[in-house]
Engineer: 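Pasting in a structure now, in structure tokens, and then I'll have a few things to ask.
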There are 2 protein chains.
Amino acid sequence: VFLPEALQSLVIELQKLPGVGEKTALRFAFNLQQRGTEALMALVKALMDVAERVRPCSRCGFFAEGELCRFCSSPERDRTILSVVETPADVLAIERAMDFKGLYHVLGGVISALRRIGPENLRVSELVNRVKNEGIKEVIIITSASAEGETTALYIKKALEGLDVKVTRPATGIPMGSSIEFLDALTLSRALRARIEL
Amino acid sequence: VFLPEALQSLVIELQKLPGVGEKTALRFAFNLQQRGTEALMALVKALMDVAERVRPCSRCGFFAEGELCRFCSSPERDRTILSVVETPADVLAIERAMDFKGLYHVLGGVISALRRIGPENLRVSELVNRVKNEGIKEVIIITSASAEGETTALYIKKALEGLDVKVTRPATGIPMGSSIEFLDALTLSRALRARIEL
């Protein structure tokens with residue numbers, strides 16, 4: 001109530017960022033104000049550029065500046081293998097984690113009765129069309145290892161039935177570096193059932 | 001390297017916020033992009049309003065939209081008592097914590113040999129002028145309980161010598177809710193020396 005209105009409005013906008021409460025928003029706002037007009041305008045410019053130029057890739061749904069994203073427009077990616085993920089952030093996680101050289105397909109979420117998201121709200125029919133037309137040989141469904149992620153994976157597997165494509169999913173099991181004592185029961189029981197010979 | 005340039009620039013700008021690393025900046029950027037143009041432009045407007053309208057109060061250095069901040073322009077504050085603080089954020093902390101009804105004076109930092117900040121870089125002479133001209137009876141120096149904060153407090157006490165004003169500083173001691181076991185030695189020894197009779 002003691003802040004100037006403009007600063008108060010900035011705090012309210014910053015609180016809309018994920019995981020940002022009032023205290024953090026105040027710290028951000030003070031920091032921006034104290035760094036001066038130039039710093040504020042640099043952020044303004046970056047935001048406006050994103051608003052004007054960043055769109056979903058018309059093929060895979062990842063971020064793009066033109067028609068296609070960097071993956072879809074790269075001649076170096078393997079066009080026969082496709083990772084299906086929930087969000088653009090998942091694409092970055094996969095790129096960081098491993099040497100995957102195929103293409104992506106971003107669903108835009110998972111099927112969720114609770115949040116009223118059905119397959120028609122996701123990019124599922126686009127996926128089916130890509131598999132039909134792009135000569136794809138394997139689809140890896142990398143949705144979350146949760147009930148909703150599994151449901152979505154099964155739905156996609158069904159939607160691709162009858163097409164000449166291998167549909168896979170990453171192994172579930174004990175994550176690296178974890179102690180058995182603190183592992184949740186579901187992960188442990190699944191890992192045991194999926195045990196492999198040494 | 002796989003993000004569109006505009007999004008990458010936004011991530012770089014967001015990483016300049018205090019305590020924000022690459023992962024958090026990515027999450028913020030994705031969230032902003034996915035909330036759409038309207039959300040982006042709401043933040044743009046808030047930033048531009050701050051750049052255009054928020055200035056330091058010409059009297060106390062707190063945030064102001066006009067010439068004076070809400071404290072200095074309020075007829076309800078006690079003009080005879082002044083809290084001297086390092087930053088505008090400290091003002092908010094004091095307002096939240098207690099029923100202080102006086103005015104403020106924001107120094108803009110502390111004296112620091114390391115960061116080459118001397119009294120001439122802070123609003124110290126402005127403080128001396130206020131004490132000379134505004135009928136102030138008590139100055140509470142609420143700088144940090146650190147070596148630099150103490151140095152700054154002592155410097156200000158000296159600068160106000162000879163003027164008809166009481167100069168005080170908050171008590172240091174054991175913070176509420178803390179266990180003796182984990183208290184740092186300096187806090188504990190000071191609290192013991194400053195012990196009071198029950």
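All chains are named by letter (A, B, ...) in the order of the sequence lines, taking the proteins before the strands, and each is independently numbered beginning at 1.
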Engineer: Please look at B/Leu92 and chain A and tell me whether the side chain, the backbone, both or neither of the residue comes under 4.5 angstrom of a heavy atom of that chain.
Structural biologist: side chain
Engineer: Can you say whether A/Val20 sits under 4.5 Å from chain B via the side chain, the backbone, both, or neither, judging by heavy atoms?
Structural biologist: side chain
Engineer: Return yes when atom CD of B/Glu120 has more than 12 non-hydrogen atoms of other residues, nucleotides or ligands closer than 6.0 Å, and no otherwise.
Structural biologist: yes
Engineer: Do the side chains of A/Ile12 and B/Leu47 join up, straight or via other hydrophobic residues, at under 4.5 Å, putting them in one cluster?
Structural biologist: no
Engineer: Sort out for me which of B/Val54, B/Thr87, B/Thr37, B/Val91 touches chain A most, counting heavy-atom pairs under 4.5 Å.
Structural biologist: B/Val54
Engineer: In Å, rounded to the nearest 0.5 Å, how long is the span from CG of A/Leu17 to CG of B/Leu43?
Structural biologist: 7.0 Å
Engineer: Pick from B/Gly108, B/Ala42, B/Gly36, B/Ser74: which one has the most heavy-atom pairs with chain A under 4.5 Å?
Structural biologist: B/Ala42
Engineer: I'd like to know if the side chain of A/Arg53 reaches the main chain of B/Leu7, judged simply by a donor and an acceptor atom lying under 3.5 Å from each other, with no hydrogens or angles considered.
Structural biologist: no
Engineer: Atom CD of A/Glu13 and atom CE of B/Met41: how far apart are they, to the nearest 0.5 Å?
Structural biologist: 12.0 Å
Engineer: Check each atom of B/Leu26 against the heavy atoms of chain A and say whether the ones under 4.5 Å are side chain, backbone, both or neither.
Structural biologist: side chain
Engineer: Determine whether a donor-acceptor pair (N or O, by modelled atom type, separation under 3.5 Å) exists between the side chain of A/Arg27 and the backbone of B/Gly19.
Structural biologist: no
Engineer: With the side chain counted from C-beta on, respond yes when A/Phe2 and B/Tyr104 share a heavy-atom pair under 4.5 Å apart, and no when they do not.
Structural biologist: no
Engineer: If Ile, Leu, Val, Met, Phe, Trp and Tyr residues are connected whenever their side-chain heavy atoms lie under 4.5 Å apart, and connections chain through other members, are B/Leu122 and B/Val167 in the same group?
Structural biologist: yes
Engineer: In terms of heavy-atom contacts, does NZ of B/Lys101 have more than 12 from other residues, nucleotides or ligands at under 6.0 Å?
Structural biologist: yes
Engineer: Any heavy-atom pair between the side chains of B/Met48 and A/Leu40 that's under 4.5 Å?
Structural biologist: no
Engineer: Would you check if A/Pro88 and B/Gln34 make a side-chain contact, meaning some heavy-atom pair closer than 4.5 Å?
Structural biologist: yes
Engineer: Do B/Phe63 and A/Phe30 make the cut of ring centroids closer than 6.0 angstrom?
Structural biologist: yes
Engineer: Which atom pair, heavy atoms only, marks the closest approach of A/Lys16 to B/Arg35?
Structural biologist: O-NH1, 3.2 Å
Engineer: Should we count CD of A/Glu134 as having more than 12 external heavy atoms under 6.0 Å?
Structural biologist: yes
Engineer: Please say yes or no: joined through hydrophobic side-chain contacts below 4.5 Å, possibly via intermediate residues, are B/Ile140 and B/Val124 part of one cluster?
Structural biologist: yes
Engineer: Taking side chain as everything from C-beta outward and backbone as N, CA, C, O, which of these in A/Leu32 sits under 4.5 Å from a heavy atom of chain B? Side chain, backbone, both or neither.
Structural biologist: side chain
Engineer: I'd like to know which of A/Ala51, A/Pro18, A/Ser9 tops the heavy-atom pair count under 4.5 Å against chain B.
Structural biologist: A/Pro18
Engineer: With a 4.5 Å heavy-atom cut-off, do B/Phe62 and A/Leu3 have their side chains touching?
Structural biologist: yes
Engineer: Are A/Leu10 and B/Asp49 side-chain neighbours, meaning at least one heavy-atom pair lies under 4.5 Å?
Structural biologist: no
Engineer: Hey, quick one: are A/Ile142 and A/Leu154 part of the same hydrophobic cluster, counting side-chain heavy atoms closer than 4.5 Å, chains of contacts allowed?
Structural biologist: no
Engineer: Is it the case that one hydrophobic cluster holds both A/Val131 and A/Ile81, taking links as side-chain heavy atoms less than 4.5 Å apart, direct or via other members?
Structural biologist: yes
Engineer: Counting only heavy atoms not in A/Asn133, do more than 12 fall under 6.0 Å of its CG?
Structural biologist: yes
Engineer: For the CG atom on A/Asp164, are there more than 12 heavy atoms of other groups (residues, nucleotides or ligands in this structure) within a distance under 6.0 Å?
Structural biologist: no
Engineer: Measuring heavy-atom distances to chain B, does A/Ala89 have an atom under 4.5 Å in its side chain, in its backbone, in both, or in neither?
Structural biologist: both
Engineer: Of the backbone (N, CA, C, O) and the side chain (C-beta and beyond), which part of B/Lys45 lies under 4.5 Å from a heavy atom of chain A, both, or neither?
Structural biologist: neither
Engineer: Is there a donor-acceptor pair under 3.5 Å between the side chain of A/Glu65 and the backbone N or O of B/Ala6?
Structural biologist: yes
Engineer: More than 12 foreign heavy atoms under 6.0 Å from CZ of B/Arg96: is that the case here?
Structural biologist: yes
